[in-house]
Amino acid sequence: MHLITSIPSPSIQYFDLGPLRIHIYALCILLGIALATWITDARLSKRGAERGVVLDIILWAVPLGIIGARFYHVFTHPADYFYEGADLMKVFYIWEGGNAIFGSLLGGAVGAWIGCKQTGIRFWSFADALAPAMLIAQATGRLGNYFNHELFGQPTTLPWGLEIESTNPAFPAGLPEGTLFHPMFLYEILWNLLGAFVIIVLERKLYLRWGKAFGVYLIWYGIGRSVFETYRLDSSETFFSIRTNVWAALLAIVVGVLIILIQNRRHPGKELSVYVEGGPTVKLDK
């Protein structure tokens, strides 16, 4: 019986379809968006929304989320894009990797708010329906990091160490070829999938409406990211010797706690409809 002693990096990152070059990283992101849309729509319609209304919301949320994700990444990794002789067009090469979740949350939230205003759906109702779907989408997107040979951590001798070629720009200088690294993308995939399960279970035990499920999402993801980020080897800006993404993760935890506390106080009763006042009133599932 052959024992697995390491995780090999994929031999391909893209494939050509006629004149088009299809990057697997991009396909993973698109698959994540599709899964999140399907799950969110199913959850929201079960709570009384018109089937397919989520499509009208993501038309705003996805583009602004992608813009926010790229902007945040470039802003927190300026040395990778702004140096003498740099090709500034690479700022827009999202298929090469570098789309920050926290930037996506900020941009996507703005887009979702606009979409919710236009459809009459409560913003917090949409956010709650999205919460576990968001974690599943993020887990799917992290698979794209695997194909891009990125998002790996400190060297390790564990049997699930990730193989990274020594020519990789993020390969630490001075380490011998064949060094294995912690597969941070895999750790985050497992953490996100577990988080989606936890939110669904908590919804059955507690009444997570009015944004409370989304608050749990922020807390869960913030805790995981604050830990995983400290093991990553890729460069990032720091403030007070702490990575910007760790600060963002800690902020996400604080915001998640505040959402739950504030919404518990503001809305102690049931959420009778996912539509704003004046829209249809539907008795929701517990």
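Start at 1 with the first residue, then count along the sequence.
The two residues F123 and C116 make their nearest non-hydrogen contact at CA-SG, 3.8 Å. A112 and A61 make their closest contact through N-CB, 3.8 Å (heavy atoms, listed as atom of the first residue, atom of the second, distance). Closest non-hydrogen pair, S226 versus V246, comes out as O-CG2, 4.2 Å. Taking each heavy atom of I259 and G211 in turn, the nearest pair found is CG2-O, 3.3 Å. Looking at every heavy atom in both residues, I136 comes nearest to A196 through CG1-CB, 3.9 Å. Considering every non-hydrogen atom in both A139 and I189, the closest pair reads O-CG1, 3.3 Å.
Residues passing the side chain to side chain contact (heavy atoms under 4.5 Å, CB included) test with I223, sequence neighbours excluded: W191, I219, I253. With sequence neighbours excluded, the residues forming a side chain to side chain contact (heavy atoms under 4.5 Å, CB included) with A213 are D128, A131, I199, E203, L208, listed by chain and number. Applying the side chain to side chain contact (heavy atoms under 4.5 Å, CB included) criterion to N264, with sequence neighbours excluded, gives K212, I260.
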(request) Show your working on side-chain contact (heavy atoms from CB on, under 4.5 Å) between L151 and Y146 and close with a plain yes or no. (result) CA-CA 7 Å; L151 194 55; Y146 174 53; over 6 Å; no

(request) Let me see the working for L135 and L193 under side-chain contact (heavy atoms from CB on, under 4.5 Å), right down to the final yes or no. (result) CA-CA 6 Å; L135 286 168; L193 293 178; over 6 Å; no

(message) With side-chain contact (heavy atoms from CB on, under 4.5 Å) as the criterion, how do N245 and R225 come out once you've worked through the C-alpha distance, each side chain's angles and the decisive distance to 0.1 Å?
(response) CA-CA 8 Å; N245 283 334; R225 189 62 183 271; 3.5 Å; yes

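Taking CD1 from I12 and CD1 from I22, the interatomic distance works out to 12.0 Å, rounded to the nearest 0.5 Å. With values rounded to the nearest 0.5 angstrom, I67 atom CD1 is found 11.0 Å from S104 atom OG. Residue H149 holds its NE2 atom at 9.5 Å from OG1 of T167, rounded to the nearest 0.5 Å. Rounding to the nearest 0.5 angstrom, the gap separating the CZ atom in F15 from the CG atom in L20 is 10.0 Å. Annotation: the span from N148 atom CG to R142 atom CZ amounts to 11.5 Å, rounded to 0.5 Å. The CD atom of E177 sits 9.5 Å away from the CD atom of E165 when rounded to the nearest 0.5 Å.
Note on L44 and W210: separate hydrophobic clusters, where clusters join Ile, Leu, Val, Met, Phe, Trp and Tyr whose side-chain heavy atoms are under 4.5 Å apart, directly or indirectly. Hydrophobic clustering places F185 together with Y221 (ILVMFWY residues linked when any side-chain heavy atoms are closer than 4.5 Å, directly or through intermediates). The same ILVMFWY cluster, assembled from side-chain heavy atoms under 4.5 Å apart, contains both I7 and Y231. Hydrophobic clustering (ILVMFWY, side-chain heavy atoms < 4.5 Å, transitive): V254 and W247 are in distinct clusters. Hydrophobic clustering (ILVMFWY, side-chain heavy atoms < 4.5 Å, transitive): I114 and L59 are in distinct clusters.
Looking only at side-chain heavy atoms (C-beta outward), V110 and L106 stay at 4.5 Å or farther from each other. Looking only at side-chain heavy atoms (C-beta outward), Q138 and M134 come within less than 4.5 Å of each other. Using a 4.5 Å heavy-atom threshold, the side chains of F171 and F181 count as touching. Side chains of F126 and T40 form a contact here, defined as non-hydrogen atoms less than 4.5 Å apart. Put simply, the side chain of V54 does not reach to within 4.5 Å of the side chain of L130, judged on heavy atoms. Two residues are said to be in side-chain contact when any heavy atoms from C-beta on lie closer than 4.5 Å; W160 and L180 fail this criterion.
When ring centroids are compared, H182 and F152 stay outside the 6.0 Å threshold. Centroid-to-centroid, the aromatic rings of F214 and Y217 come within less than 6.0 Å. Ring-centre distance between F147 and Y14: not below the 6.0 Å cut-off.
Cation-pi contact between R209 and Y207: present, with separation from the ring centre below 6.0 Å and deviation from the ring axis of at most 45°.
Side-chain polar atoms of E50 and Y275 form no donor-acceptor pair below 3.5 angstrom. Between E271 and W124, the side chains place no donor N or O within less than 3.5 Å of an acceptor N or O (distance only, hydrogens not considered). Between the side chains of S6 and E163, at least one donor N or O lies within less than 3.5 Å of an accepting N or O. Residues Q13 and H23 bring no donor and acceptor atom of their side chains to less than 3.5 Å of each other.
Using modelled atom types, one side-chain atom of D41 and one backbone atom of G52 make a donor-acceptor pair closer than 3.5 Å. At least one donor-acceptor pair closer than 3.5 Å links the side chain of R122 to the backbone N or O of S273. Under the 3.5 Å distance criterion, the side-chain polar atoms of N168 are left unmatched by any main-chain donor or acceptor of I164. Judged purely by atom type and a 3.5 angstrom limit, T179 has no side-chain atom pairing as donor or acceptor with the backbone of L175.
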